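Just so we're clear, the structure is a prediction, and the values are computed from it rather than from any experiment. Values below: all heavy atoms of this structure, side chains included; hydrogens, waters and symmetry mates excluded.
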Amino acid sequence: MASNENLPPNVIKQLAKELKSLDESPPDGIKVVVNDEDFSQICADIEGPVGTPYENGLFRMKLALSHDFPHSPPKGYFMTKIFHPNIASNGEICVNTLKKDWNPSLGLRHVLSVVRCLLIEPFPESALNEQAGKMLLENYEEYARHARLYTGIHAKQKPKFKTGAISESTMALNVGQTNNETPGAAIAIPSSMADIKRVTTTSAQDQQVANVSLTAATAGSASVVSTTQKREAGLAKVQADKKKVDARKKSLKRL
């Protein structure tokens, strides 16, 4: 098992300084995972650059440092499966910075930034994944489709929970307890401006419906009253006409 004992003390001291700097001020889109007991295995999470087929993906990579580091370059591996011309099926990374262009003065920050740049601009001429390299040169859309497919399957980021939702739920429970009610009986509180707007709109709509119903009911009642009045007036007229007819009949009999 590799450990810090495999590295010279001066190298360990330099690595500790670099790792602290990376932790306090991480490069864009890169988060280093520090293992204080073993600096020879340095892991980092790399966010897929925007505008590339790796966008929205989170890729774990590893730099394996040999006992004679920094005189020899570290070996880079992607631990997350990825479809890329310069990354082999076993995750090995092919980039000149880790090979012929290596310089002992290069720091970890530079190496990690170069690896992330590789996701933005692959080099199909030095491909470890021949299929990806050929596809990139001949049919970029097909290459991008494959890369996005791998990203969606293997490099999904974990969902982030919204702290606001937890706070709102807690607030709703507190309201119920303040009113000496059980938490289950807490009154629902709108959790966002959208909910408030929806509640307000719904209340306004309900009020409009109530007003229409009231108007309809009033109109209906008025119609019933009017009909009843007309009917009573008609009956009164009939009775009056009947009295007139009866009076006329009596007069004729007397004659």
Side-chain angles (χ1 to χ4, degrees), residues 1-4 6-7 11-12 14-66 69-70 73-99 101-102 106-123 126-129 132 136 143-166:
M1 180 177 177
S3 68
N4 289 338
N6 296 330
L7 298 171
V11 174
I12 293 175
Q14 178 61 30
L15 286 174
K17 183 178 178 180
E18 284 196 66
L19 291 172
K20 182 180 180 182
S21 173
L22 287 168
D23 184 57
E24 294 176 348
S25 178
D28 184 35
I30 302 174
K31 177 64 177 177
V32 175
V33 181
V34 179
N35 180 358
D36 292 333
E37 297 180 358
D38 186 6
F39 288 165
S40 67
Q41 304 288 326
I42 298 172
C43 294
D45 289 331
I46 300 179
E47 296 178 0
V50 176
T52 71
Y54 311 105
E55 183 177 353
N56 297 324
L58 188 65
F59 302 87
R60 172 64 62 91
M61 68 152 295
K62 177 178 69 174
L63 291 176
L65 280 57
S66 62
F69 177 85
K75 291 184 178 181
Y77 298 91
F78 264 75
M79 302 170 72
T80 304
K81 289 184 70 66
I82 183 173
F83 188 77
H84 190 286
N86 306 112
I87 301 171
S89 57
N90 67 348
E92 182 182 354
I93 303 171
C94 178
V95 61
N96 288 336
T97 301
L98 298 179
K99 296 184 180 297
D101 292 342
W102 173 253
L106 296 177
L108 295 177
R109 183 181 296 272
H110 176 78
V111 173
L112 293 172
S113 296
V114 167
V115 172
R116 186 168 188 265
C117 286
L118 199 64
L119 300 183
I120 301 174
E121 188 177 354
F123 294 96
S126 57
L128 288 180
N129 184 329
L136 175 60
Y143 155 74
R145 188 179 69 82
H146 271 71
R148 281 193 295 268
L149 181 63
Y150 270 64
T151 300
I153 295 174
H154 302 291
K156 288 182 178 178
Q157 296 195 39
K158 293 181 180 180
K160 297 179 181 179
F161 295 99
K162 297 180 179 180
T163 55
I166 298 174

Seminar exercise, completed: For Ala44 and Leu112, the nearest pair of non-hydrogen atoms, with its separation, is CB-CD2, 4.0 Å
Exercise. Would you find a donor on one side and an acceptor on the other, under 3.5 Å apart, between the side chain of Trp102 and the backbone of Pro74?
Worked result: no
For this session: Would you give the length of the straight line joining atom CG of Leu63 to atom CD1 of Ile42, rounded to the nearest 0.5 angstrom?
Result: 6.0 Å
Problem set entry | Separation between NZ of Lys62 and NZ of Lys75, rounded to the nearest 0.5 Å | 11.0 Å
For this session: Could you tell me which non-hydrogen atom of Leu65 sits nearest to which non-hydrogen atom of Phe39, and how far apart they are?
Result: CD2-O, 3.9 Å
Problem set entry | Distance-minimising heavy-atom pair for Leu22 and Leu108 | CD1-CB, 4.0 Å
For this session: State the CD1-CZ distance between Ile30 and Arg109, to the nearest 0.5 angstrom.
Result: 9.0 Å
Output a table of donor-acceptor pairs, distance under 3.5 Å, between side-chain atoms of residues 79-86 and any protein atom two or more places apart or on a different chain; print 'none' if there are none.
unit_1, atom_1, unit_2, atom_2, d
Thr80, OG1, Arg60, N, 2.9
His84, ND1, Asn86, N, 2.9
His84, NE2, Leu118, O, 2.7
Asn86, OD1, Phe123, N, 2.8
Asn86, ND2, Phe123, O, 2.7
Asn86, ND2, Ser126, O, 3.2

Exercise. So how far is it from Gln14 CD to Leu7 CG, rounded to the nearest 0.5 Å?
Worked result: 12.5 Å
For this session: Go through the structure and list residues passing side chain to side chain donor-acceptor pair (under 3.5 Å) with Lys31, not counting sequence neighbours.
Result: Asp23
Exercise. Say you draw a straight line from CZ of Phe59 to CG of Asp45; how long is it, rounded to the nearest 0.5 Å?
Worked result: 11.0 Å
Seminar exercise, completed: The reported gap from OH in Tyr54 to CD1 in Ile46 (rounded to nearest 0.5 angstrom) is 12.0 Å
Exercise. Within a reach of under 6.0 Å around OH of Tyr150, are more than 12 heavy atoms found that belong to other residues, nucleotides or ligands?
Worked result: no
Seminar exercise, completed: For Leu128 and Ile93, the nearest pair of non-hydrogen atoms, with its separation, is CD1-C, 4.2 Å
Exercise. Is there a donor-acceptor contact under 3.5 Å from the side chain of Ser25 to the main chain of Ser21?
Worked result: no
